[in-house]
Amino acid sequence: MEKLAALCCLWANGLGTKEDYYTELDRLFLLSPEDDFLLELEDLGGDCAAAWKRIASTAQTETDIDKFGSELFAALEKVYSENRFALKEFGERCYKMWNCFPAGFRNDDPFFVLCYADDPLSWGDEKQTRELYQKAFDHYKEKP
């Protein structure tokens with residue numbers, strides 16, 4: 001479920017795709033067709049805002065933050081590595097996403113990095129911004 005939450009979060013903030021989200025949702029639904037929560041998400045018919053609202057409300061109490069973070073930052077690193085966005089725009093979208101996180105973990109590493117990693121761009125320091133993002137991406141790679 002954490003991967004689904006991560007993909008929905010990325011989609012809701014313009015960093016992921018509807019296709020990636022629905023691929024995971026369909027996979028989970030095929031494994032558990034009796035799951036009412038998954039059925040509810042399937043029935044939303046592509047309403048990204050409604051899906052994120054529903055997942056976010058459930059995620060606050062039922063999500064393993066480390067698993068969610070691992071999935072989120074792995075997917076986010078893929079977006080970053082594929083250069084889908086200019087670095088400034090990537091940073092703006094990451095900041096917007098950071099604002100959507102619950103207060104319970106948004107100020108913890110590596111999530112908090114998404115709040116300020118693009119700040120060095122304002123004084124022309126692209127290298128530092130890239131280092132901050134890479135540190136965030138590597139956070140869960142270092143965990144067992």
Side-chain angles (χ1 to χ4, degrees), residues 1-32 35 37-38 40-144:
M1 193 61 73
E2 285 80 1
K3 181 175 183 177
L4 183 66
L7 292 172
C8 189
C9 181
L10 292 169
W11 177 36
N13 289 285
L15 289 159
T17 66
K18 177 181 180 178
E19 291 76 22
D20 288 344
Y21 166 77
Y22 268 99
T23 297
E24 180 64 9
L25 177 58
D26 292 345
R27 185 187 74 77
L28 291 173
F29 188 70
L30 288 173
L31 292 172
S32 302
D35 188 313
F37 179 69
L38 295 175
E40 182 182 337
L41 293 175
E42 287 278 358
D43 286 342
L44 290 175
D47 185 339
C48 179
W52 175 240
K53 183 177 179 182
R54 183 68 179 98
I55 287 174
S57 67
T58 302
Q60 290 184 28
T61 57
E62 299 177 22
T63 300
D64 179 322
I65 297 304
D66 284 333
K67 285 182 184 176
F68 170 75
S70 180
E71 294 290 348
L72 181 79
F73 281 93
L76 193 58
E77 182 176 24
K78 183 178 181 217
V79 171
Y80 174 84
S81 297
E82 292 173 351
N83 293 312
R84 293 184 197 175
F85 306 100
L87 189 57
K88 183 178 182 337
E89 183 178 355
F90 180 80
E92 290 167 354
R93 289 174 187 242
C94 285
Y95 178 75
K96 178 184 170 201
M97 181 172 60
W98 174 81
N99 276 307
C100 295
F101 296 146
F105 68 85
R106 78 183 205 173
N107 291 330
D108 296 337
D109 283 335
F111 301 97
F112 192 55
V113 171
L114 300 177
C115 172
Y116 65 84
D118 64 334
D119 287 354
L121 293 176
S122 65
W123 58 85
D125 194 346
E126 181 178 320
K127 182 178 184 265
Q128 185 178 8
T129 290
R130 292 193 180 280
E131 288 170 354
L132 289 167
Y133 282 127
Q134 194 59 55
K135 181 180 175 186
F137 300 147
D138 291 345
H139 181 85
Y140 289 104
K141 293 176 187 174
E142 299 166 1
K143 298 214 181 244

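Scope of the values below: all heavy atoms of this structure, side chains included, with no hydrogens, waters or symmetry mates.
At least one side-chain heavy atom of Leu76 sits under 4.5 Å from a side-chain heavy atom of Met97. Taking the side chain as every heavy atom from C-beta outward, Tyr133 and Cys94 approach each other to under 4.5 Å. Annotation: side chain of Tyr80 is in contact with side chain of Leu87 (closest heavy-atom distance under 4.5 Å). Considering only heavy atoms from C-beta on, Leu41 comes within 4.5 Å of Tyr21 through its side chain. Side-chain atoms of Phe90 and Leu15, non-hydrogen and from C-beta on, do get closer than 4.5 Å to each other.
Distance alone, capped at 3.5 Å, is enough to place a donor-acceptor pair between the Ser57 side chain and the Arg54 backbone. Under the 3.5 Å distance criterion, the side-chain polar atoms of Ser70 are left unmatched by any main-chain donor or acceptor of Asp66.
Between the CD atom of Gln134 and the NZ atom of Lys141 there is a distance of 5.5 Å, given to the nearest 0.5 Å. Rounding to the nearest 0.5 angstrom, the gap separating the CD atom in Glu24 from the CG atom in Asp26 is 9.5 Å. To the nearest 0.5 angstrom, Thr17 atom OG1 is 9.5 Å from Leu10 atom CG. Taking NZ from Lys3 and OG1 from Thr23, the interatomic distance works out to 9.0 Å, rounded to the nearest 0.5 Å. The CD atom of Glu40 lies 10.0 Å from the CG atom of Asp35; values are rounded to the nearest 0.5 Å. Atom-to-atom distance recorded for Glu77:CD and Asp138:CG is 6.5 Å, nearest 0.5 angstrom.
Here the closest non-hydrogen pair linking Leu7 and Ala75 is CD2-CB, 4.5 Å. Scanning both residues, Cys48 and Ala12, for their nearest heavy atoms gives SG-CA, 3.3 Å. Closest approach of Pro110 to His139, counting heavy atoms only: CD-CD2, 3.4 Å. Shortest non-hydrogen contact noted between Glu42 and Tyr22 is OE1-CE2, 4.3 Å. Looking at every heavy atom in both residues, Ser32 comes nearest to Leu38 through O-CD1, 4.2 Å.
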Could you walk me through whether Cys100 and Trp52 satisfy the side chain to side chain contact (heavy atoms under 4.5 Å, CB included) test, starting with their C-alpha distance in whole Å, then the side-chain angles of each, then the deciding distance to 0.1 Å, before giving a yes or no? CA-CA 10 Å; Cys100 295; Trp52 175 240; 4.1 Å; yes
Lys127/Glu131 under salt bridge (charged side-chain N to carboxylate O under 4.0 Å, His left out): CA gap, chis, key distance, verdict: CA-CA 6 Å; Lys127 182 178 184 265; Glu131 288 170 354; 2.9 Å; yes
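Scanning for salt bridge (charged side-chain N to carboxylate O under 4.0 Å, His left out) contacts around Glu2 gives an empty result, with sequence neighbours left out. Applying the side-chain contact (heavy atoms from CB on, under 4.5 Å) criterion to Asp108, with sequence neighbours excluded, gives Phe105.
Test Asp20, Leu4, Ile55, Leu44 against Leu25 for side-chain contact (heavy atoms from CB on, under 4.5 Å) and you get one pass: Leu4. A ring pair (Phe, Tyr, Trp, His ring centres under 6.0 Å) with Phe111 is found for exactly one of Phe73, Trp98, Tyr95, Tyr116, namely Phe73.
Electrostatic pairing of Glu71 and Lys67 does not count as a salt bridge here, judged by no charged N lying under 4.0 Å from a carboxylate O. In this structure, Glu92 does not pair ionically with Lys96, as no charged nitrogen and carboxylate oxygen lie closer than 4.0 Å.
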